[in-house]
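Quick note on labels: first sequence line is chain A, next is B, and so on, each numbered from 1. Atom set for the values below is all heavy atoms of this structure, side chains included, hydrogens, waters and symmetry mates excluded.
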Amino acid sequence: MAKIQTPQAVRGTQDIFGEDQERFQHVVETFERVRRLYGFKGVQMPVFEPTAVFARSLGETTDVVSKEMYSFEDRGGDSLTLRPEFTAGISRAYLTNGWQQHVPLKLSTHGPLFRYERPQKGRYRQFHQLDAEIIGVSEAAADVELLCFADQLLKELGISDGVTLQLNTLGDAESRDAWRDALVEHFQAHKADLSKDSQDRLERNPLRILDSKERQDRPIADSAPDIDAYLSTEAKEFFTQVTEGLDACGVSWTRNSRLVRGLDYYRHTAFEFVTDRLGAQGTVLAGGRYDGLIESLGGPVTPAVGWAAGIERLGMLLADVPAKPMELAILPMGETASAKALAVASELRGSQFSAEIFGSGKFKKRMARANQVGALAAIIIGEDEMASGKVQFKNLATGEQTELDVAAVIEKMWDLRFSEDLDSFDADLTDLEQEVAQLGEAD
RNA sequence: GCGAUCGUAGCUCAGUUGGUUAGAGCGCCGGUUUGUGGUACCGGAGGUCGGGGGUUCGAGACCCCUCGGUCGCCCCA
(Lines give C-alpha, C1' and ligand atoms only; values in the text may rest on other atoms or scores of the structure.)
Protein backbone atom coordinates (compact mmCIF):
# COMPACT_ATOMS: atom_id res chain seq x y z
CA MET A 1 0.00 0.00 0.00
CA ALA A 2 1.33 3.41 -0.93
CA LYS A 3 2.10 5.54 2.07
CA ILE A 4 0.05 8.73 1.98
CA GLN A 5 1.61 12.13 2.43
CA THR A 6 0.81 13.42 5.94
CA PRO A 7 -1.40 16.49 5.55
CA GLN A 8 0.10 19.76 6.77
CA ALA A 9 -1.48 22.16 9.21
CA VAL A 10 -3.41 24.93 7.45
CA ARG A 11 -1.24 27.94 6.80
CA GLY A 12 -1.45 30.56 9.50
CA THR A 13 -2.85 28.15 12.12
CA GLN A 14 -0.96 27.14 15.23
CA ASP A 15 -0.75 24.10 17.48
CA ILE A 16 -0.27 25.78 20.82
CA PHE A 17 1.53 23.50 23.25
CA GLY A 18 4.03 23.54 26.09
CA GLU A 19 5.39 26.95 27.02
CA ASP A 20 3.23 28.75 24.46
CA GLN A 21 0.16 27.13 25.95
CA GLU A 22 1.23 28.25 29.45
CA ARG A 23 1.52 31.79 28.18
CA PHE A 24 -1.81 31.65 26.39
CA GLN A 25 -3.55 30.20 29.44
CA HIS A 26 -1.99 32.77 31.73
CA VAL A 27 -3.29 35.63 29.58
CA VAL A 28 -6.82 34.19 29.52
CA GLU A 29 -6.89 33.44 33.24
CA THR A 30 -5.66 36.91 34.12
CA PHE A 31 -8.29 38.43 31.83
CA GLU A 32 -11.05 36.31 33.40
CA ARG A 33 -9.97 37.36 36.88
CA VAL A 34 -9.69 41.08 36.13
CA ARG A 35 -12.94 41.32 34.15
CA ARG A 36 -14.81 40.08 37.24
CA LEU A 37 -13.28 42.90 39.26
CA TYR A 38 -14.97 45.29 36.84
CA GLY A 39 -18.29 43.44 36.74
CA PHE A 40 -18.12 42.29 33.15
CA LYS A 41 -20.31 39.27 32.39
CA GLY A 42 -18.84 36.48 30.32
CA VAL A 43 -20.56 35.54 27.08
CA GLN A 44 -19.98 32.78 24.51
CA MET A 45 -20.65 33.61 20.89
CA PRO A 46 -20.96 31.49 17.74
CA VAL A 47 -17.78 31.14 15.73
CA PHE A 48 -19.74 31.72 12.53
CA GLU A 49 -22.51 34.13 11.64
CA PRO A 50 -24.51 35.02 8.55
CA THR A 51 -22.11 36.86 6.23
CA ALA A 52 -24.37 39.93 6.39
CA VAL A 53 -23.49 40.47 10.08
CA PHE A 54 -19.93 41.37 9.14
CA ALA A 55 -20.55 42.76 5.67
CA ARG A 56 -23.05 45.32 6.97
CA SER A 57 -21.27 46.31 10.13
CA LEU A 58 -17.72 46.51 8.82
CA GLY A 59 -18.72 47.90 5.44
CA GLU A 60 -18.56 46.10 2.11
CA THR A 61 -15.52 48.00 0.93
CA THR A 62 -13.20 47.37 3.86
CA ASP A 63 -10.26 45.03 3.33
CA VAL A 64 -11.49 42.72 6.05
CA VAL A 65 -14.79 42.15 4.30
CA SER A 66 -13.67 42.32 0.68
CA LYS A 67 -10.64 40.06 0.86
CA GLU A 68 -9.95 38.66 4.31
CA MET A 69 -13.08 36.78 5.37
CA TYR A 70 -13.53 33.03 5.42
CA SER A 71 -16.96 32.90 3.83
CA PHE A 72 -18.69 29.77 2.56
CA GLU A 73 -22.06 28.37 1.67
CA ASP A 74 -23.45 25.76 4.02
CA ARG A 75 -25.43 22.76 2.76
CA GLY A 76 -28.63 24.76 2.91
CA GLY A 77 -27.17 27.39 0.58
CA ASP A 78 -26.80 30.14 3.22
CA SER A 79 -23.70 32.33 3.12
CA LEU A 80 -21.86 32.05 6.43
CA THR A 81 -18.62 33.60 7.63
CA LEU A 82 -16.11 32.61 10.30
CA ARG A 83 -16.01 35.61 12.58
CA PRO A 84 -13.14 38.04 11.81
CA GLU A 85 -13.89 40.04 14.99
CA PHE A 86 -16.18 39.96 18.02
CA THR A 87 -17.99 43.27 18.02
CA ALA A 88 -20.34 42.63 15.10
CA GLY A 89 -21.49 39.27 16.47
CA ILE A 90 -22.07 40.71 19.92
CA SER A 91 -24.09 43.56 18.43
CA ARG A 92 -26.17 41.05 16.49
CA ALA A 93 -26.77 39.01 19.66
CA TYR A 94 -27.73 42.18 21.50
CA LEU A 95 -30.47 42.78 18.95
CA THR A 96 -31.69 39.23 18.32
CA ASN A 97 -31.88 38.34 22.03
CA GLY A 98 -33.45 41.57 23.21
CA TRP A 99 -30.55 42.36 25.52
CA GLN A 100 -31.75 45.97 25.62
CA GLN A 101 -33.45 44.94 28.86
CA HIS A 102 -29.99 44.38 30.48
CA VAL A 103 -28.62 47.81 29.57
CA PRO A 104 -26.13 48.96 30.72
CA LEU A 105 -24.56 45.74 29.52
CA LYS A 106 -20.92 44.96 30.23
CA LEU A 107 -19.75 41.89 28.33
CA SER A 108 -16.48 40.08 27.90
CA THR A 109 -15.45 37.09 25.85
CA HIS A 110 -12.44 35.48 24.23
CA GLY A 111 -11.81 32.93 21.53
CA PRO A 112 -10.64 32.30 17.97
CA LEU A 113 -11.10 34.72 15.08
CA PHE A 114 -10.31 34.12 11.41
CA ARG A 115 -8.83 36.34 8.75
CA TYR A 116 -7.29 35.35 5.45
CA GLU A 117 -4.08 37.39 5.72
CA ARG A 118 -0.42 36.81 5.02
CA PRO A 119 0.89 35.22 8.24
CA GLN A 120 3.73 36.81 10.20
CA LYS A 121 4.94 36.67 13.75
CA GLY A 122 2.07 37.74 15.98
CA ARG A 123 -0.33 37.52 13.07
CA TYR A 124 -2.20 34.36 12.13
CA ARG A 125 -5.16 33.24 10.07
CA GLN A 126 -6.71 31.73 13.14
CA PHE A 127 -5.84 34.04 15.99
CA HIS A 128 -7.28 34.66 19.43
CA GLN A 129 -8.53 37.74 21.15
CA LEU A 130 -9.81 39.00 24.46
CA ASP A 131 -12.79 41.29 24.09
CA ALA A 132 -14.68 43.70 26.32
CA GLU A 133 -17.71 45.80 25.43
CA ILE A 134 -20.07 48.19 27.20
CA ILE A 135 -23.38 48.61 25.41
CA GLY A 136 -26.00 51.22 26.17
CA VAL A 137 -23.95 53.85 27.98
CA SER A 138 -23.45 57.14 26.18
CA GLU A 139 -21.49 58.78 29.02
CA ALA A 140 -17.70 59.08 29.00
CA ALA A 141 -17.64 57.11 32.26
CA ALA A 142 -17.98 53.91 30.21
CA ASP A 143 -14.94 54.78 28.08
CA VAL A 144 -12.93 55.49 31.22
CA GLU A 145 -13.95 52.29 32.96
CA LEU A 146 -13.07 50.25 29.89
CA LEU A 147 -9.66 51.88 29.64
CA CYS A 148 -8.98 51.37 33.34
CA PHE A 149 -9.83 47.70 32.84
CA ALA A 150 -7.41 47.46 29.91
CA ASP A 151 -4.71 49.29 31.82
CA GLN A 152 -5.05 47.07 34.88
CA LEU A 153 -5.01 43.95 32.73
CA LEU A 154 -1.71 44.94 31.13
CA LYS A 155 -0.25 45.84 34.51
CA GLU A 156 -1.29 42.53 36.05
CA LEU A 157 0.20 40.69 33.11
CA GLY A 158 3.41 42.55 33.89
CA ILE A 159 3.77 43.96 30.39
CA SER A 160 2.81 47.60 30.87
CA ASP A 161 6.46 48.70 30.68
CA GLY A 162 7.15 49.84 27.14
CA VAL A 163 3.45 49.85 26.29
CA THR A 164 1.86 53.26 25.86
CA LEU A 165 -1.78 54.20 25.62
CA GLN A 166 -2.38 56.40 22.61
CA LEU A 167 -5.64 58.26 22.69
CA ASN A 168 -7.62 60.36 20.28
CA THR A 169 -11.12 61.57 19.65
CA LEU A 170 -13.00 61.34 16.38
CA GLY A 171 -15.75 63.59 17.67
CA ASP A 172 -19.46 63.14 17.11
CA ALA A 173 -20.89 62.58 13.62
CA GLU A 174 -21.08 66.29 12.91
CA SER A 175 -17.50 67.08 14.04
CA ARG A 176 -16.19 64.09 12.24
CA ASP A 177 -17.79 65.01 8.93
CA ALA A 178 -16.51 68.57 9.14
CA TRP A 179 -12.99 67.37 9.92
CA ARG A 180 -13.14 64.82 7.15
CA ASP A 181 -14.08 67.48 4.59
CA ALA A 182 -11.18 69.64 5.77
CA LEU A 183 -8.80 66.70 5.47
CA VAL A 184 -9.95 65.81 2.00
CA GLU A 185 -9.45 69.40 0.97
CA HIS A 186 -5.95 69.45 2.46
CA PHE A 187 -4.92 66.18 0.85
CA GLN A 188 -6.49 67.09 -2.46
CA ALA A 189 -4.27 70.15 -2.56
CA HIS A 190 -1.17 67.95 -2.12
CA LYS A 191 -2.43 64.97 -4.08
CA ALA A 192 0.47 64.93 -6.51
CA ASP A 193 2.99 64.56 -3.68
CA LEU A 194 1.20 61.68 -1.96
CA SER A 195 2.27 58.06 -2.35
CA LYS A 196 0.28 55.89 -4.70
CA ASP A 197 -1.31 54.04 -1.77
CA SER A 198 -2.41 57.29 -0.21
CA GLN A 199 -3.83 58.59 -3.47
CA ASP A 200 -6.04 55.51 -3.44
CA ARG A 201 -6.90 56.13 0.19
CA LEU A 202 -8.02 59.63 -0.67
CA GLU A 203 -10.94 58.07 -2.55
CA ARG A 204 -11.61 55.17 -0.24
CA ASN A 205 -10.61 56.11 3.26
CA PRO A 206 -9.02 59.57 3.56
CA LEU A 207 -8.60 59.46 7.36
CA ARG A 208 -6.16 56.60 6.92
CA ILE A 209 -3.63 58.85 5.19
CA LEU A 210 -3.00 60.40 8.60
CA ASP A 211 -1.25 57.31 9.96
CA SER A 212 0.47 56.33 6.71
CA LYS A 213 3.96 54.90 7.17
CA GLU A 214 5.04 56.08 3.75
CA ARG A 215 7.89 58.54 4.13
CA GLN A 216 6.73 60.94 1.44
CA ASP A 217 3.28 61.16 3.05
CA ARG A 218 4.54 62.22 6.46
CA PRO A 219 5.04 65.96 5.87
CA ILE A 220 1.60 66.21 4.29
CA ALA A 221 -0.06 64.10 7.00
CA ASP A 222 1.75 65.96 9.77
CA SER A 223 0.68 69.34 8.45
CA ALA A 224 -2.96 68.23 8.07
CA PRO A 225 -5.45 69.88 10.40
CA ASP A 226 -6.19 68.26 13.79
CA ILE A 227 -9.77 67.51 14.65
CA ASP A 228 -9.63 69.92 17.58
CA ALA A 229 -10.71 72.93 15.56
CA TYR A 230 -13.75 71.02 14.24
CA LEU A 231 -14.99 69.52 17.50
CA SER A 232 -18.44 70.56 18.59
CA THR A 233 -18.80 71.82 22.15
CA GLU A 234 -20.35 68.51 23.19
CA ALA A 235 -17.62 66.44 21.55
CA LYS A 236 -14.93 68.55 23.18
CA GLU A 237 -16.61 68.18 26.54
CA PHE A 238 -16.85 64.41 26.07
CA PHE A 239 -13.15 64.08 25.34
CA THR A 240 -12.28 66.22 28.34
CA GLN A 241 -14.33 63.95 30.56
CA VAL A 242 -12.47 60.93 29.22
CA THR A 243 -9.01 62.39 29.78
CA GLU A 244 -9.88 63.75 33.21
CA GLY A 245 -11.33 60.40 34.17
CA LEU A 246 -8.13 58.65 33.12
CA ASP A 247 -6.00 61.09 35.07
CA ALA A 248 -8.17 60.57 38.13
CA CYS A 249 -7.70 56.80 37.88
CA GLY A 250 -3.94 57.10 37.37
CA VAL A 251 -4.00 55.72 33.83
CA SER A 252 -1.25 57.38 31.81
CA TRP A 253 -1.91 58.22 28.18
CA THR A 254 -0.58 60.30 25.32
CA ARG A 255 -2.58 62.18 22.75
CA ASN A 256 -2.05 60.94 19.23
CA SER A 257 -4.01 63.21 16.93
CA ARG A 258 -3.08 60.99 13.95
CA LEU A 259 -4.80 57.93 15.42
CA VAL A 260 -7.93 57.24 13.38
CA ARG A 261 -10.50 54.60 12.52
CA GLY A 262 -11.59 54.03 8.97
CA LEU A 263 -15.14 52.94 9.64
CA ASP A 264 -17.94 55.44 9.79
CA TYR A 265 -19.64 54.12 12.89
CA TYR A 266 -16.71 55.03 15.16
CA ARG A 267 -17.31 58.12 17.29
CA HIS A 268 -15.45 59.99 19.97
CA THR A 269 -12.86 57.87 21.76
CA ALA A 270 -10.30 55.86 19.78
CA PHE A 271 -7.33 54.25 21.50
CA GLU A 272 -4.49 51.81 21.08
CA PHE A 273 -2.02 50.34 23.52
CA VAL A 274 1.17 50.17 21.46
CA THR A 275 4.58 48.56 21.98
CA ASP A 276 7.76 48.65 19.94
CA ARG A 277 8.66 45.10 20.97
CA LEU A 278 6.61 43.29 18.34
CA GLY A 279 7.84 44.81 15.07
CA ALA A 280 5.07 45.67 12.66
CA GLN A 281 2.47 44.13 14.98
CA GLY A 282 2.85 46.87 17.57
CA THR A 283 -0.78 47.19 18.60
CA VAL A 284 -1.51 45.00 21.57
CA LEU A 285 -4.96 46.20 22.56
CA ALA A 286 -7.21 48.57 20.66
CA GLY A 287 -10.73 49.87 20.62
CA GLY A 288 -13.06 52.80 20.70
CA ARG A 289 -16.60 54.03 20.80
CA TYR A 290 -18.87 52.72 18.05
CA ASP A 291 -22.19 54.45 18.64
CA GLY A 292 -23.22 53.97 15.01
CA LEU A 293 -22.72 50.21 14.69
CA ILE A 294 -25.88 48.73 16.13
CA GLU A 295 -27.95 51.06 14.00
CA SER A 296 -26.13 49.79 10.91
CA LEU A 297 -27.36 46.28 11.80
CA GLY A 298 -30.95 47.50 11.70
CA GLY A 299 -31.29 48.23 15.41
CA PRO A 300 -32.08 51.42 17.30
CA VAL A 301 -29.39 54.05 17.82
CA THR A 302 -27.38 52.54 20.66
CA PRO A 303 -24.20 53.86 22.26
CA ALA A 304 -21.39 51.36 22.78
CA VAL A 305 -17.65 51.18 23.49
CA GLY A 306 -15.28 48.24 23.37
CA TRP A 307 -11.80 46.91 22.88
CA ALA A 308 -10.06 43.76 21.76
CA ALA A 309 -6.57 42.43 22.46
CA GLY A 310 -4.54 39.75 20.71
CA ILE A 311 -3.86 36.84 23.06
CA GLU A 312 -0.82 35.64 21.10
CA ARG A 313 0.67 39.13 21.11
CA LEU A 314 0.13 39.55 24.85
CA GLY A 315 1.62 36.10 25.39
CA MET A 316 4.75 37.01 23.45
CA LEU A 317 5.32 40.05 25.66
CA LEU A 318 5.02 38.02 28.85
CA ALA A 319 8.14 37.28 30.85
CA ASP A 320 8.65 33.59 31.66
CA VAL A 321 5.49 32.01 32.97
CA PRO A 322 6.33 29.43 35.61
CA ALA A 323 4.57 26.15 34.87
CA LYS A 324 2.22 25.05 37.64
CA PRO A 325 4.09 22.19 39.31
CA MET A 326 2.55 18.80 39.96
CA GLU A 327 2.37 18.25 43.72
CA LEU A 328 2.70 14.48 43.96
CA ALA A 329 4.38 11.83 41.83
CA ILE A 330 3.28 8.25 42.39
CA LEU A 331 5.74 5.50 41.48
CA PRO A 332 4.32 1.99 41.54
CA MET A 333 6.56 -1.09 41.31
CA GLY A 334 4.94 -3.95 39.42
CA GLU A 335 1.45 -4.92 38.21
CA THR A 336 -0.52 -5.06 41.44
CA ALA A 337 1.06 -1.88 42.66
CA SER A 338 -0.11 -0.14 39.47
CA ALA A 339 -3.73 -0.84 40.34
CA LYS A 340 -3.09 0.38 43.87
CA ALA A 341 -1.45 3.52 42.46
CA LEU A 342 -4.66 4.46 40.65
CA ALA A 343 -6.65 4.11 43.86
CA VAL A 344 -4.15 6.20 45.82
CA ALA A 345 -4.11 8.81 43.06
CA SER A 346 -7.90 9.26 43.10
CA GLU A 347 -7.90 9.61 46.84
CA LEU A 348 -5.24 12.32 46.67
CA ARG A 349 -6.93 14.11 43.79
CA GLY A 350 -10.23 13.89 45.67
CA SER A 351 -8.48 15.77 48.45
CA GLN A 352 -7.52 18.52 45.97
CA PHE A 353 -3.89 17.54 45.47
CA SER A 354 -2.53 17.25 41.97
CA ALA A 355 -0.98 13.83 41.47
CA GLU A 356 0.47 11.97 38.51
CA ILE A 357 1.42 8.33 38.19
CA PHE A 358 4.75 7.50 36.58
CA GLY A 359 4.16 3.83 35.97
CA SER A 360 6.45 2.76 33.17
CA GLY A 361 10.13 2.78 32.45
CA LYS A 362 13.12 2.49 34.69
CA PHE A 363 12.60 3.43 38.28
CA LYS A 364 15.48 5.82 38.25
CA LYS A 365 14.03 7.53 35.21
CA ARG A 366 10.67 7.86 36.86
CA MET A 367 12.24 9.39 39.93
CA ALA A 368 13.98 11.92 37.72
CA ARG A 369 10.66 12.64 36.03
CA ALA A 370 9.04 13.26 39.41
CA ASN A 371 11.73 15.78 40.12
CA GLN A 372 11.32 17.38 36.72
CA VAL A 373 7.59 18.06 37.09
CA GLY A 374 8.40 19.91 40.31
CA ALA A 375 6.66 17.44 42.64
CA LEU A 376 6.85 18.29 46.31
CA ALA A 377 6.93 14.62 47.16
CA ALA A 378 7.11 11.16 45.61
CA ILE A 379 4.99 8.23 46.72
CA ILE A 380 6.50 4.81 46.19
CA ILE A 381 4.29 1.75 46.20
CA GLY A 382 5.91 -1.70 46.01
CA GLU A 383 5.48 -5.25 47.29
CA ASP A 384 6.46 -4.38 50.86
CA GLU A 385 4.12 -1.40 50.98
CA MET A 386 1.25 -3.40 49.47
CA ALA A 387 1.56 -5.84 52.33
CA SER A 388 1.65 -3.19 55.04
CA GLY A 389 -1.08 -1.03 53.48
CA LYS A 390 1.24 1.95 53.63
CA VAL A 391 3.34 3.84 51.08
CA GLN A 392 6.80 5.32 51.05
CA PHE A 393 6.50 9.10 51.21
CA LYS A 394 9.57 10.94 50.05
CA ASN A 395 9.89 14.68 50.45
CA LEU A 396 11.77 15.66 47.31
CA ALA A 397 13.09 18.89 48.72
CA THR A 398 14.71 17.36 51.79
CA GLY A 399 15.15 13.76 50.60
CA GLU A 400 13.56 12.60 53.84
CA GLN A 401 11.54 9.39 53.41
CA THR A 402 8.95 7.87 55.72
CA GLU A 403 6.38 5.08 55.61
CA LEU A 404 2.85 6.43 55.95
CA ASP A 405 -0.75 5.49 55.22
CA VAL A 406 -2.63 7.65 52.71
CA ALA A 407 -4.48 9.68 55.32
CA ALA A 408 -1.16 10.66 56.86
CA VAL A 409 0.17 11.56 53.40
CA ILE A 410 -2.70 13.97 52.90
CA GLU A 411 -2.06 15.58 56.26
CA LYS A 412 1.61 15.91 55.50
CA MET A 413 0.82 17.49 52.13
CA TRP A 414 -1.38 20.15 53.71
CA ASP A 415 1.57 21.08 55.89
CA LEU A 416 3.90 21.17 52.89
CA ARG A 417 1.55 23.26 50.81
CA PHE A 418 1.01 25.66 53.68
CA SER A 419 4.73 26.17 54.24
CA GLU A 420 5.20 26.74 50.48
CA ASP A 421 2.55 29.45 50.55
CA LEU A 422 4.21 30.91 53.61
CA ASP A 423 7.56 30.99 51.82
CA SER A 424 6.16 32.85 48.84
CA PHE A 425 4.34 35.20 51.19
CA ASP A 426 7.64 35.87 52.96
CA ALA A 427 9.31 36.51 49.62
CA ASP A 428 6.60 39.01 48.67
CA LEU A 429 6.98 40.68 52.03
CA THR A 430 10.75 40.98 51.58
CA ASP A 431 10.21 42.57 48.17
CA LEU A 432 7.77 45.03 49.65
CA GLU A 433 10.11 45.91 52.48
CA GLN A 434 12.89 46.57 49.99
CA GLU A 435 10.62 48.80 47.93
CA VAL A 436 9.60 50.73 51.02
CA ALA A 437 13.24 51.10 52.03
CA GLN A 438 14.11 52.42 48.58
CA LEU A 439 11.22 54.86 48.70
CA GLY A 440 12.44 56.03 52.11
CA GLU A 441 15.90 56.67 50.70
CA ALA A 442 14.45 58.57 47.75
CA ASP A 443 12.66 60.89 50.14
C1' G B 1 -2.46 40.99 -2.91
C1' C B 2 3.06 43.22 -3.41
C1' G B 3 8.50 43.10 -2.12
C1' A B 4 12.66 40.68 0.47
C1' U B 5 14.90 36.63 2.93
C1' C B 6 15.37 31.74 4.82
C1' G B 7 14.17 26.13 4.92
C1' U B 8 19.84 20.22 6.88
C1' A B 9 17.88 15.16 13.23
C1' G B 10 12.54 16.60 18.17
C1' C B 11 15.36 21.75 19.13
C1' U B 12 19.72 25.21 17.98
C1' C B 13 22.95 25.03 14.09
C1' A B 14 27.88 23.30 11.11
C1' G B 15 28.54 21.29 6.25
C1' U B 16 34.97 24.74 2.12
C1' U B 17 35.07 27.02 -5.23
C1' G B 18 29.51 20.93 -6.69
C1' G B 19 33.20 15.26 -5.12
C1' U B 20 33.00 8.87 -1.26
C1' U B 21 29.00 6.06 3.93
C1' A B 22 25.55 14.24 5.81
C1' G B 23 27.98 16.06 11.28
C1' A B 24 28.01 18.64 16.43
C1' G B 25 25.60 20.33 20.91
C1' C B 26 21.10 19.87 23.58
C1' G B 27 17.01 16.52 24.15
C1' C B 28 15.29 11.27 23.90
C1' C B 29 16.30 5.80 24.85
C1' G B 30 19.72 2.14 27.00
C1' G B 31 24.23 0.62 30.03
C1' U B 32 27.90 1.28 34.23
C1' U B 33 23.74 1.05 39.09
C1' U B 34 17.51 -5.32 38.94
C1' G B 35 13.64 -0.11 44.56
C1' U B 36 15.51 6.20 44.68
C1' G B 37 16.47 12.50 42.03
C1' G B 38 22.69 14.77 40.78
C1' U B 39 27.35 14.26 38.07
C1' A B 40 30.54 11.47 34.97
C1' C B 41 31.72 7.91 31.34
C1' C B 42 30.02 4.46 27.43
C1' G B 43 26.46 3.01 23.77
C1' G B 44 21.88 3.62 20.69
C1' A B 45 17.73 5.41 17.95
C1' G B 46 16.40 9.49 15.01
C1' G B 47 17.50 12.73 8.32
C1' U B 48 13.76 10.64 1.10
C1' C B 49 18.88 17.84 3.39
C1' G B 50 10.60 21.17 2.91
C1' G B 51 8.42 18.96 -1.93
C1' G B 52 8.79 18.43 -7.44
C1' G B 53 11.51 19.12 -11.84
C1' G B 54 16.17 20.47 -14.30
C1' U B 55 21.78 21.20 -15.20
C1' U B 56 25.99 17.67 -14.31
C1' C B 57 30.04 11.86 -14.68
C1' G B 58 28.43 13.58 -9.72
C1' A B 59 23.66 18.26 -6.23
C1' G B 60 22.44 19.43 0.77
C1' A B 61 25.13 23.18 -2.35
C1' C B 62 23.68 25.63 -9.00
C1' C B 63 18.76 26.87 -12.00
C1' C B 64 13.19 26.77 -12.34
C1' C B 65 8.51 25.77 -10.02
C1' U B 66 5.91 24.85 -5.55
C1' C B 67 4.87 24.62 -0.15
C1' G B 68 6.13 26.73 4.48
C1' G B 69 8.61 30.19 8.08
C1' U B 70 10.39 35.14 8.92
C1' C B 71 10.74 40.60 7.88
C1' G B 72 8.53 44.89 5.52
C1' C B 73 4.04 47.04 2.63
C1' C B 74 -1.34 46.67 2.73
C1' C B 75 -4.68 45.86 6.65
C1' C B 76 -5.19 44.97 11.52
C1' A B 77 -5.31 42.55 17.69
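Distance alone, capped at 3.5 Å, places no donor-acceptor pair between the A:S212 side chain and the A:R208 backbone. Side-chain atoms of A:Q199 come within 3.5 Å of backbone N or O of A:K191 as a donor-acceptor pair. Under a 3.5 Å cut-off, the side chain of A:E327 and the backbone N or O of A:S354 do form a donor-acceptor pair. No donor-acceptor pair closer than 3.5 Å links the side chain of A:D20 to the backbone N or O of A:I16.
Judged by closest nucleotide on RNA chain B, A:R369 is the one of A:R369 and A:A375 placed further toward the 5' end. If A:E214 and A:E312 are placed on RNA chain B by their nearest nucleotide, the residue sitting closer to the 5' end is A:E214.
Within the nucleic acid shown, A:K394 comes within 4.0 Å of at least one base atom, counting heavy atoms only. When heavy atoms are screened at a 4.0 angstrom cut-off, A:Q401 is found touching base atoms of the nucleic acid. Among the atoms of the strands shown, base atoms are found under 4.0 Å from some heavy atom of A:G399. When heavy atoms are screened at a 4.0 angstrom cut-off, A:D211 is found touching no nucleic acid atom at all. If you check every strand for non-hydrogen atoms under 4.0 Å, A:R118 touches a base. Residue contacts for A:E117: at a heavy-atom cut-off of 4.0 Å it reaches a base atom on one of the strands shown. Residue contacts shown for A:R208 are limited to sugar-phosphate atoms, with no base heavy atom under 4.0 Å away. Using a 4.0 Å heavy-atom cutoff across all strands shown, A:I380 reaches at least one base atom of the nucleic acid. In this structure, A:Q392 reaches the bases: a heavy-atom distance under 4.0 Å links it to at least one base atom across the strands shown. Looking at heavy-atom distances under 4.0 Å, A:R201 makes contact with sugar-phosphate atoms alone, never a base. A:G315 comes within contact range of no nucleotide atom at all, as no heavy-atom separation falls under 4.0 Å. Counting any heavy atom pair closer than 4.0 Å across all strands shown, A:K364 reaches a base atom.
In this structure, the CG atom of A:L317 is 16 Å from the P atom of B:A77, given to the nearest Å. Nucleotide B:G37 holds its P atom 15 Å from the CZ atom of A:F358, rounded to whole Å. If you measure from atom CZ of A:R123 to atom P of B:C76, you get 10 Å, rounded to the nearest angstrom. For the pair A:Q14 CD and B:U70 C1', the computed distance is 14 Å after rounding to whole Å. Atom NE2 of A:H128 is separated from atom P of B:C76 by 21 Å (rounded to the nearest Å). Going from atom CH2 of A:W307 over to atom P of B:A77 covers 13 Å, rounded to whole Å.
Taking every side-chain heavy atom of A:N371 into account, B:G37 is the closest of B:G37, B:C74, B:G35. Picking from B:A77, B:C74, B:U36 the nucleotide with the shortest atom distance to the side chain of A:F363 gives B:U36. Distance from the side chain of A:Q120 is smallest to B:G72 among B:G72, B:A77, B:G30. Comparing atom distances between the A:Y116 side chain and each of B:A77, B:C75, B:G1 picks out B:G1 as nearest. Nearest to the side chain of A:R11, among B:G69, B:A77, B:G72, sits B:G69. In the set B:C71, B:G37, B:G35, the nucleotide with an atom closest to the side chain of A:K121 is B:C71.
With both ends at atom P, the span from B:G7 to B:C63 equals 13 Å, rounded to whole Å. Distance check on atom C1': B:C2 versus B:U8 gives 30 Å, rounded to whole Å. One P atom belongs to B:G54, the other to B:C11, and the distance between them is 30 Å to the nearest Å. Rounded to whole Å, the separation between the P atoms of B:G15 and B:A9 comes to 15 Å. The P atoms of B:G50 and B:A59 are separated by 15 Å, rounded to the nearest whole Å. Spacing of P atoms, B:A22 relative to B:U16, comes out at 14 Å, to the nearest Å. Spacing between B:C73 and B:A14 at atom P, rounded to whole Å, works out to 28 Å. Nucleotides B:C64 and B:C71 are separated by 25 Å at their C1' atoms, to the nearest Å.
Base pairing annotation: B:G18 forms no Watson-Crick or G-U wobble pair, as no partner gives both donor-acceptor distances under 3.5 Å. Pair assignment for B:G23 gives B:C13, based on Watson-Crick or G-U wobble hydrogen-bonding distances that are each under 3.5 Å. Here B:A4 sits opposite B:U70 as a Watson-Crick or G-U wobble pair (both hydrogen-bonding atom distances under 3.5 Å). Nucleotide B:G44 is matched to B:C28 when pairs are restricted to Watson-Crick or G-U wobble geometry with both distances under 3.5 angstrom. Shown here, B:C75 forms no base pair; nothing in the strands shown gives a Watson-Crick or G-U wobble contact with both key distances under 3.5 Å.
On a pure distance criterion of 3.5 Å, no polar donor-acceptor pair joins the side chain of A:R215 and the base of B:C73.
Using cut-offs of 30° and 60° for the angle between ring planes, the A:F273 and A:F271 rings count as perpendicular. Between A:F149 and A:Y38, the two ring planes are parallel [angle under 30°; tilted spans 30° to 60°].
Counting only heavy atoms from C-beta outward, the side chains of A:L396 and A:M367 approach each other to under 4.5 Å. Contact check for A:Q152 versus A:V251: no side-chain heavy atoms found under the 4.5 Å cut-off.
The shortest distance between the side-chain N/O atoms of A:K213 and the OP1/OP2 oxygens of B:G72 is not below 4.0 Å.
Under the 3.5 Å distance criterion, with hydrogens and angles disregarded, no donor-acceptor pair is assigned to the side chains of A:D226 and A:W179.
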